[in-house]
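One structure is given here, and the rest of the page talks about it.
Residue numbering restarts at 1 for every chain, and letters A, B, ... go by the order of the sequence lines.
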There are 2 protein chains.
Amino acid sequence: MTSVDEPARPNGRIRDAARTQAEILDVATQEFARLGYDGARVDEIAARTRTTKRMIYYYFGGKEQLFTAVLERAYTVIREAEQKLDVEHLDPVAAIRRLAELTFDHHEQHPDFIRLVSIENIHGAEHIAGSEKLGRIGSPALDVIRRILAAGQESGLFTADVDAVDLHAMISSFCFFRVANRHTFGALFGRDLVAPEQREHYRAMLGDMVIAYLTAERSTH
Amino acid sequence: MTSVDEPARPNGRIRDAARTQAEILDVATQEFARLGYDGARVDEIAARTRTTKRMIYYYFGGKEQLFTAVLERAYTVIREAEQKLDVEHLDPVAAIRRLAELTFDHHEQHPDFIRLVSIENIHGAEHIAGSEKLGRIGSPALDVIRRILAAGQESGLFTADVDAVDLHAMISSFCFFRVANRHTFGALFGRDLVAPEQREHYRAMLGDMVIAYLTAERSTH
DNA sequence: TCGCTAATGTACGAACTAGTACGTTAGCTA
DNA sequence: TAGCTAACGTACTAGTTCGTACATTAGCGA
């Protein structure tokens with residue numbers, strides 16, 4: 001408990017507003033993702049920080065606003081990743097498959113984000129609704145999908161009109177379910193959807209599914 | 001607040017253990033689904049019942065066990081619905097499409113159940129793991145899928161070996177996502193996945209997707 | 001270098017919340 | 001019909017939890 005714990009401050013600064021805020025957000029993200037909004041404790045978040053509870057209220061205002069800030073940062077990270085998507089040099093079929101795979105990878109790599117989204121849905125997305133930032137964040141991935149779909153339809157590779165938002169929902173649903181429902185699915189069906197040895201299998205399955213859907217001859221029904 | 005509130009008891013009974021338990025489970029289901037496990041309040045559940053908090057502890061033992069009981073009943077309802085599945089008189093393609101549609105309908109009709117499953121996943125499925133009942137409940141739908149897949153593969157309609165559990169995951173993921181992530185998806189993309197006028201569209205989309213996947217010629221990749 | 005303010009820490013309180021001790025009664029059964 | 005027990009109600013408590021009043025200080029700018 002002595003200052004020996006602290007291994008010679010890298011910055012030479014004790015007071016660093018930006019770092020304090022970032023550290024609070026880091027811990028809060030973990031705690032909210034682990035325990036849900038109501039399950040997480042402000043005191044516990046503070047305790048796992050190098051600062052105190054007072055700072056949470058100083059910088060964020062309260063538990064509710066802290067959760068909103070956590071969501072905002074999590075979505076920002078995802079949108080930034082989407083902006084780095086580079087698949088449009090591929091032919092439409094390969095491009096969509098690649099996009100699906102990258103979505104798959106991103107979901108797998110960010111289970112905390114998936115959990116936060118689940119939690120936010122339990123609460124009716126009220127924090128997103130109340131956030132200006134999240135209202136106008138958009139989705140670069142959607143634009144990419146839109147362009148690939150247009151190219152695919154023009155070339156005749158893709159059958160008829162598929163909506164970009166719908167395709168995004170289709171891809172996301174599989175990726176999301178696999179991570180979000182991992183526990184109940186595993187407990188009930190004895191299969192771990194996120195087991196490393198199944199990873200390639202499910203990744204290919206998603207790609208096959210999406211491509212099959214886009215390239216199938218539609219029968220009348 | 002007088003006894004006039006109560007419109008002449010139908011049963012002529014004041015004490016009815018079964019009805020009391022059922023009423024507690026009904027209200028608890030609503031409250032847990034609405035607010036999450038930690039968000040729900042035992043006092044509030046009791047208040048919305050014709051009985052008192054004491055009875056919750058008398059019959060269920062505590063909040064944790066009450067939630068487990070809620071889950072057990074919810075899963076029992078779903079399994080009973082699955083047992084009424086009657087699609088095997090159809091040809092494999094029609095049978096799978098019908099099964100997917102019934103799964104779609106069931107998810108739509110039981111949003112509370114979807115929310116409970118989301119909540120249980122936030123908590124690592126610990127209640128399912130701790131429940132004997134849920135451990136051996138099985139899934140009739142899975143057996144149906146298994147038989148249809150076998151028939152479809154034998155007749156050559158379905159390409160190669162698709163696992164029943166995987167197909168179940170594929171169908172469920174779309175149905176689940178549509179209901180569970182309705183709020184965040186709507187807030188971010190401006191589209192209500194559960195809007196009545198979109199219902200047929202998404203129902204057909206799911207069927208098309210699954211059939212396309214099962215009947216596609218697999219390319220090497 | 002002096003003072004001012006952003007940044008931080010401490011201690012506390014009011015309200016809530018799961019759970020329980022204790023008392024009561026309906027209505028079945030002998 | 002007497003009495004016994006499952007079923008039910010009331011009132012309370014111990015511990016928790018969000019939030020805040022008040023005190024302090026680092027370090028930048030004049």
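The CG-P distance, from D43(B) to dC12(D), rounds to 15 Å in whole Å. Going from atom OH of Y58(A) over to atom P of dT8(C) covers 8 Å, rounded to whole Å. For the pair I24(A) CD1 and dA7(C) C1', the computed distance is 11 Å after rounding to whole Å. When rounded to the nearest whole Å, the span between CZ of F60(B) and P of dA7(D) equals 12 Å. When the C1' atom of dA18(C) is taken as reference, atom CZ of F67(B) falls 17 Å away, rounded to whole Å. Rounded to a whole Å, the CZ atom of R50(A) is 17 Å from the P atom of dA7(C). In this structure, the OH atom of Y37(A) is 8 Å from the P atom of dC18(D), given to the nearest Å. Between the CD1 atom of I45(B) and the P atom of dC16(C) there is a distance of 18 Å, rounded to whole Å.
Taking the six-membered ring for Trp and the full ring otherwise, the centers of Y75(B) and F113(B) sit less than 6.0 Å from each other. When ring centroids are compared, H123(A) and F67(A) stay outside the 6.0 Å threshold. In summary, the aromatic rings of H127(A) and Y37(A) are positioned with their centroids under 6.0 Å apart.
Nearest nucleotide to the R15(B) side chain, out of dG9(C), dC18(D), dA7(D): dA7(D).
A salt bridge links R48(B) with E31(B): the closest approach of a Lys/Arg side-chain nitrogen to an acidic carboxylate oxygen falls below 4.0 angstrom. Salt bridge R50(A)/D16(A): absent, no basic N to carboxylate O contact under 4.0 Å.
Place K53(B) and R41(A) on DNA chain D by their nearest nucleotides, and K53(B) ends up nearer the 5' end. In terms of position on DNA chain C, the residue among R54(B) and Y57(B) whose nearest nucleotide sits closer to the 5' end is Y57(B).
If you check every strand for non-hydrogen atoms under 4.0 Å, T52(B) touches a base. Using a 4.0 Å heavy-atom criterion, one finds that A46(B) contacts no nucleic acid atom at all. Within the nucleic acid shown, A40(A) comes within 4.0 Å of sugar-phosphate atoms alone, with no base atom in reach, counting heavy atoms only.
The shortest distance between the side-chain N/O atoms of T51(B) and the OP1/OP2 oxygens of dG9(D) is below 4.0 Å.
Judged as a ring pair (Phe, Tyr, Trp, His ring centres under 6.0 Å), and not counting sequence neighbours, H107(B) has no contacts.
In this structure a side-chain-to-backbone donor-acceptor pair under 3.5 Å is present from N121(B) to H183(A).
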**OP:** For DNA chain C, just give me the dot-bracket, please: Watson-Crick or G-U, both distances below 3.5 Å, ( ) intra-strand, [ ] crossing earlier pairs, | paired with another strand, . unpaired.
**Re:** ||||||||||||||||||||||||||||||

